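All values derive from a computational prediction rather than experimental measurement. Letters go in sequence order (proteins before strands), and every chain restarts at 1.
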Amino acid sequence: MASQQTLSEADKKRFQLEALPLLDSLYAGALRMTRNPADAEDLVQETMLRAYRSFNSFEPGTNLKAWLFRILTNAYINTYRKKQREPKQVSQEDVQDYDLYQELKDHDSQLSETPETIVLDSLVDSDITEAIDDLPEQFRLAVVLSDLEGFSYAEMAEIMDVPLGTVMSRLHRGRKALQKRLWEIAKDRGIVKGPRQDGDRARSQGDRTG
Amino acid sequence: MKEHCRQVLEELYTFLEGGELTAEQTLNMEEHLLDCAPCLEEAGVRIQVVEVTRIVARVKDSCHCPDGLKSRITHLIEEA
């Protein structure tokens, strides 16, 4: 083990008081990163130990959650990323051209009058986490840090160690990809019906004469 | 016109991210969007994106650190 200054009792108490309450947040982030509860637990534990050992380098009064997430993200990239199976890949072209409103209009005309919100609101929580988990890693990380953990673009740039423009690009494309995946899941669940079939028209005529 | 477009879109982003606009800003924005097709399209794109953010927020606090992990970490820190 590398030599480190041991924390003063005061610093130790401060860590316990301020860092431990953030475990829920860290676990939630770790779970979406690793997509595996066992790995998430290991990742959080490793993160907290690293954080504790380097707590002397944390500037009091600055954003502790962001500091912890920086450690979490680094630990994830260094240790767990290689172990992960590749999620379903959403190609760049798909993401650029995807337009949910247009897709709705192309579908059953009855559906085009239904706001997108009703379709997506019918999804359950596990559908949403599934959609997030299916995102390519960099998109997923951006969406998790911004929309689940509430970090600012500047904080995300620090955590992900990328320029601000990269953060915004990944976030925008990640949300677009997520929109598409949510829509696919809604179709799989049968919340969204397929295009009108010719059989439908024939059936309704039959009802009238029958 | 382009400078005005940039300004309107910035105000729109502010509004969509939860910020506040004055009545005058809102009116100017609406009038501009009625007149400017590219801005209107961009506004539509941004609104879709905000919709996704709202959906994701539903699972925001739904996940808790398992008790076993919490006690393990608390114990490790205590003993450190």
| Any chance CG of D61(B) has more than 12 other-residue heavy atoms, nucleotides or ligands included, within less than 6.0 Å? | no

| request: Kindly check if the number of other-residue, nucleotide or ligand heavy atoms within 6.0 Å of CD (E158(A)) is above 12? | output: no

| note | With chain A, the option among R58(B), K60(B), E78(B) that has the most non-hydrogen atom pairs under 4.5 Å is R58(B)

| message | Can you tell me how far apart CZ (R53(A)) and CD1 (I77(B)) are? Round to the nearest 0.5 Å. | response | 9.0 Å

| message | Could you measure the distance from the SG atom of C65(B) to the CG atom of L20(A)? Nearest 0.5 Å is fine. | response | 9.5 Å

If I measure from the heavy atoms of chain B, does [X] come under 4.5 Å with its side chain, its backbone, both, or neither?
X: L26(A); result: neither
X: V44(A); result: both
X: I128(A); result: side chain
X: E41(A); result: both

| field | Under 3.5 Å donor-acceptor, D24(A) side chain and H64(B) backbone | value | no

| query | For the side chain of R72(B) and the backbone of Q45(A), is there at least one donor-acceptor N/O pair under 3.5 Å apart? | reply | no

| request: Answer with side chain, backbone, both or neither: which region of L76(B) has an atom nearer than 4.5 Å to a non-hydrogen atom of chain A? | output: side chain

| task | Over all heavy atoms of both residues, which pair between A80(B) and K12(A) is shortest? Give the atoms and the distance, please. | result | O-NZ, 3.2 Å

| Options L31(A), L123(A), V143(A), ranked by heavy-atom pairs under 4.5 Å with chain B, top entry | L123(A)

| said: So L23(A) and L69(B), do their side chains get closer than 4.5 Å, heavy atoms only? | reply: no

| remark: Paired with T53(B), the side-chain contact (heavy atoms from CB on, under 4.5 Å) test is passed by just one of L178(A), L171(A), D147(A), namely D147(A)

